[in-house]
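Structure, as structure tokens:
All values reported here derive from a predicted model rather than from experimental measurement. Each ligand, and each atom within it, is numbered from 1 in the order the structure gives.
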Amino acid sequence: MKRQRSAEINERLRRLIPGGVNSPARSFNGVGGDPPVIADGRGSRVSDADGNEYVDYLAAWGPLILGHAAPVVVTALDEVARRGTAFGAPTELEYEMARLVVDAVPSVEMVRFVNSGTEATMSALRLARGYTHRDIVVKFEGCYHGHVDSLLVQAGSGVATLGLKGVEGVPDAYTSQTIVVPFNNLAAASEVFAKSGDRIACVIVEPVAANMGVVPPAPGFLEGLRGLTTRHGALLVFDEVVTGFRLGRGGAQEKYGITPDLTCLGKVIGGGLPVAAYGGRAELMETMAPVGPVYQAGTLSGNPLAMAAGIATLSELAKPGTYDRLESRARRLEEGLLRAAQEAEVELTVQRVGSMLTPFFTGQAVADYAGARRADGERFKRFFWSLLDQGHYLAPSAFESSFVSLAHSEADVDSTVEAAHGAMSAARRG
Ligand code: KE4
């Protein structure tokens, strides 16, 4: 594929923006080379500045569950924008959006909207510390909760992809209260609680990890965290920025039947606009100003445009059969990739939960970050580029999730599986 225009635009971008990107994850450092500069998207496809078209599974890192330029979202934005884009005052749209979240997510009685997943997790941590009057936070190696100072320790996503420690620029004092244990290791979490249980404010976890690649919770893991936190008076925070409304309207907490104390949401709930949220029981959320003493704020939080995109998206997801369709398309892709690997005699494990999935080039199941790092990253890179050059765009890192949307047709998936046959041979040839 020719990408001269992309190369020229990337060159200009790099002169004004670090790495030419407004988020390091977009830099293609995880796969080498330069990212195509995207000109537009519609449905399951995006086109780059050179006119190349791709079946898109990046989905803007998760938000685009309806596909690109979904008519319901575009119409809603057009209607609301004509009445103003931000007021810095309450609007009824915020009630409508809050209603959609509260009615769907089991743990959420009250919710506050913010502009990014980072803000949501940062606020949830501050709430947990303010509510429990404790300082220690427990997170899991390879999980990523945005670029919150105290959570960048041994983080996944772009920190893992770029091989950074993640804490450069973060004073030791900010991370000294963060304890990191391996994902899916309940014994290690129990040990931490045995030692420091009465000083732990919360455990924050991606109930299905997406930022070391997709790693499901081991049987009993989430139940075990729920028991530990309850017994020791700590809060359990589910970071459902990826899984919320992705795995179902009730997210991972509904799928696995575990009710956390606080839930962080993002990505899908904004339908491509900057919307994230944190929520939980009313008595917890009323710790937040102006009702309680814990402060969190934001000029553009809950702004009308973002609310309009979120309402359109969540209303669409509430229609019957939505998640069955996502499940069947994603299963078709998973099975197709496994068939292609088998025919090429390449060891492949596809880890999928609902419509989020990661191809790991290994014969073993991946249960934690160490396992994800044992997979063959060089094969992933060659597989990624062979697919991209055939017009199929996966997430550009072995430590990320790719996504199937409601806009992906069976023909889209079948064309990607067809391309994967050639890409598997490319993966093996290294
Ligand atoms: P944002 O601040 O990027 O909106 O959300 C942070 C965040 C929080 N929690 C989870 C589970 C997340 O996955 C994320 C962000 N995800 C990455 C990709 N996996 C965003 C991509 C990027 O950083 O550009």
Flag, side chain of Gln351 to backbone of Val366, donor-acceptor distance under 3.5 Å: yes

Side chain to side chain donor-acceptor pair (under 3.5 Å): pairs with one or both residues in residues 365-378, sequence neighbours excluded: Glu378-Lys381

Sidechain-backbone polar pair: Asn10 side chain, Pro35 backbone, donor-acceptor under 3.5 Å: yes

Amino acids in close contact with ligand 1, where any non-hydrogen atom sits under 4.0 angstrom away: Ser23, Ala25, Trp61, Ser116, Gly117, Thr118, Tyr144, His145, Gly146, Ser157, Glu206, Asn211, Asp239, Val241, Val242, Lys267, Glu400

Pair Arg352-Glu334, salt bridge (Lys or Arg N to Asp or Glu O under 4.0 Å): steps then yes or no: CA-CA 7 Å; Arg352 175 179 74 83; Glu334 171 191 7; 2.5 Å; yes

Listed once per pair and sorted, the side chain to side chain donor-acceptor pair (under 3.5 Å) pairs that draw on residues 164-188, sequence neighbours left out: none

Ser386: side chain to side chain donor-acceptor pair (under 3.5 Å) partners, not counting sequence neighbours: Gln390

